[in-house]
2 protein chains.
Amino acid sequence: MRKSKKEKHADLLRAHGLKMTPKRLQLLSILARIKRPLSAHEILKNWSQDGTDVVTLYRALEALTAASIVRRVNLQHGHADYELVTPGKHHHHLVCTDCGTIENIKGCPGDRTEKSVLRKSTRFSSIREHSFEFFGTCRACAA
Amino acid sequence: MRKSKKEKHADLLRAHGLKMTPKRLQLLSILARIKRPLSAHEILKNWSQDGTDVVTLYRALEALTAASIVRRVNLQHGHADYELVTPGKHHHHLVCTDCGTIENIKGCPGDRTEKSVLRKSTRFSSIREHSFEFFGTCRACAA
DNA sequence: CATATTAACGCAATAATATTGCATTTGCAA
DNA sequence: TTGCAAATGCAATATTATTGCGTTAATATG
């Protein structure tokens with residue numbers, strides 16, 4: 001690895017005209033370490049040492065989401081979850097409706113589908129994103 | 001139409017051991033009339049005459065969702081939306097990120113995909129549902 | 001038709017998630 | 001090093017959803 005993760009994160013922020021702050025680096029570090037969608041609450045639980053106001057976290061998430069550094073996903077949990085965007089590694093999720101466990105699904109059948117959906121649509125002029133999530137029961141909960 | 005919608009709704013409730021009440025019939029009537037996912041707030045706005053407590057609505061939605069009469073969907077609006085389940089007419093949605101307009105997408109490429117996802121999964125034993133939603137801009141907002 | 005049983009409902013309180021306004025601090029460009 | 005805009009913290013509040021409990025009403029049964 002030529003650049004440390006921290007340097008890469010700093011580059012990412014600068015590339016989008018966002019200031020590089022300890023809070024934002026900490027946020028990116030947590031999302032990079034725990035490779036699954038996290039709620040604001042879970043992110044704060046993983047915050048090292050210094051407290052951080054929820055407001056600051058929500059605002060950071062908003063800024064990073066707008067810059068497409070972070071992706072906001074909705075897994076029927078009654079709250080939003082956030083994960084790092086990994087360019088070229090677009091993926092979706094499999095969620096256990098019992099315990100909430102999340103498994104990432106590699107690959108995505110959606111890109112081709114997007115075009116096909118747009119062709120059939122009567123009222124839309126463009127499609128930019130899609131969510132494709134699966135819900136079931138994990139082996140642990142089934143047992 | 002041999003049976004009125006109201007009679008069909010009553011049958012649906014009875015078939016699931018749920019009591020048939022004016023509130024629930026009103027709820028089903030609204031969902032049947034406005035054929036797109038509605039938030040709890042939107043449903044209450046369409047309530048005719050008599051007031052109904054939000055609690056009652058949420059509890060009715062919960063009961064009907066558990067009975068698979070109603071489906072709960074998440075369209076990145078910061079709240080849940082509800083729509084009638086129409087057996088054999090499984091569909092998904094196209095959402096305008098500007099104005100919130102929703103277009104139903106006929107057909108579903110997901111059923112076959114469910115099996116394929118389950119095969120590739122390492123930790124899940126079953127998949128029961130999926131959400132497949134598209135986000136873009138409608139012609140009106142693009143203009 | 002009367003009535004008992006239990007589900008459904010309404011009200012009040014509260015939880016969980018998220019946002020806004022404003023004063024203060026800090027990153028960073030000049 | 002200094003000034004300015006962006007970022008942060010605190011307090012207040014909005015929005016969405018849930019829980020407890022006493023009351024009402026749907027329906028099964030006699």
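Residue numbers begin at 1 in each chain, while the letters A, B, ... track the order of the sequences. As the structure is a computational prediction, the values presented were derived from the model and not from experiment.
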Overall bend - the helix from dC1(C)-dG30(D) to dA30(C)-dT1(D), comparing terminal axes fitted on five pairs, nearest 10 degrees =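 Nearest ten degrees gives 30° for this helix.
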Whole-Å gap separating [atom2] ([N]) and [atom1] ([X]):
X: Lys19(B); N: dT6(C); atom1: NZ; atom2: C1'; result: 5 Å
X: Gln76(A); N: dA16(C); atom1: CD; atom2: P; result: 20 Å
X: Arg14(A); N: dA6(D); atom1: CZ; atom2: P; result: 18 Å
X: Tyr58(A); N: dG9(D); atom1: OH; atom2: P; result: 15 Å
X: Leu13(B); N: dT27(D); atom1: CG; atom2: C1'; result: 14 Å
X: Glu62(B); N: dA17(D); atom1: CD; atom2: C1'; result: 10 Å
X: His41(A); N: dT17(C); atom1: NE2; atom2: C1'; result: 11 Å
X: Leu57(B); N: dT16(D); atom1: CG; atom2: C1'; result: 12 Å

query = His90(A) and side-chain hydrogen bond (donor to acceptor under 3.5 Å, both in side chains): which partner among Arg71(A), Lys106(A), His130(A)?
reply =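 Filter result, single survivor: His130(A).
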task = Could you tell me which non-hydrogen atom of Cys141(A) sits nearest to which non-hydrogen atom of Asp98(A), and how far apart they are?
result =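 Minimum heavy-atom separation between Cys141(A) and Asp98(A): SG-CB, 3.4 Å.
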Smallest separation among heavy atoms of Thr113(A) and Phe134(B), with atom names =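 For Thr113(A) versus Phe134(B), the nearest heavy atoms are CG2-CZ, 4.0 Å.
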key: Backbone of Asn74(B) reached by a side-chain donor or acceptor of Glu133(B) within 3.5 Å   =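 Such a contact is absent between Glu133(B) side chain and Asn74(B) backbone.
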key: Any N/O donor-acceptor pair, Arg24(A) side-chain to dG27(C) base, under 3.5 Å   =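 No, no donor-acceptor pair under 3.5 Å.
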key: Presence of Thr21(A) side-chain N/O under 4.0 Å of dA6(D) phosphate oxygens OP1/OP2   =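 No, outside the criterion.
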task = Considering just the side-chain nitrogens and oxygens of Thr56(B), establish if one lies under 4.0 Å of OP1 or OP2 belonging to dG10(C).
result =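 Indeed, a polar side-chain atom of Thr56(B) lies that close.
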message = Tell me if the NE2 atom of His41(A) is crowded by more than 12 foreign heavy atoms within 6.0 Å.
response =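 Incorrect, the count does not exceed 12.
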Go through [options] for me and flag the one nearest to the [X] side chain.
X: Asp53(A); options: dC11(C), dC10(D), dA18(C); answer: dC10(D)
X: Arg59(A); options: dA18(C), dA17(D), dT8(D); answer: dT8(D)
X: Lys23(A); options: dG10(C), dG9(D), dA7(D); answer: dG9(D)

request  = Could you tell me the separation between the NE2 atom of His93(A) and the OG1 atom of Thr101(A), rounded to the nearest 0.5 Å?
outcome  =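 Interatomic distance, His93(A) NE2 to Thr101(A) OG1, rounded to 0.5 Å: 13.0 Å.
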message = Both His79(B) and Pro22(B) contact DNA chain D. Which one's nearest nucleotide lies toward the 5' end?
response =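 Mapping each residue to its closest nucleotide by heavy atoms, the 5'-most match is His79(B).
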ask   = Is a side-chain donor-acceptor pair under 3.5 Å present for Thr52(B) with Lys23(B)?
value =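 There is such a pair between these side chains.
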task = Indicate, with a heavy-atom threshold strictly under 4.0 Å, whether Ala60(A) touches base, sugar-phosphate, or nothing.
result =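 Ala60(A): no heavy atom of the nucleic acid under 4.0 Å.
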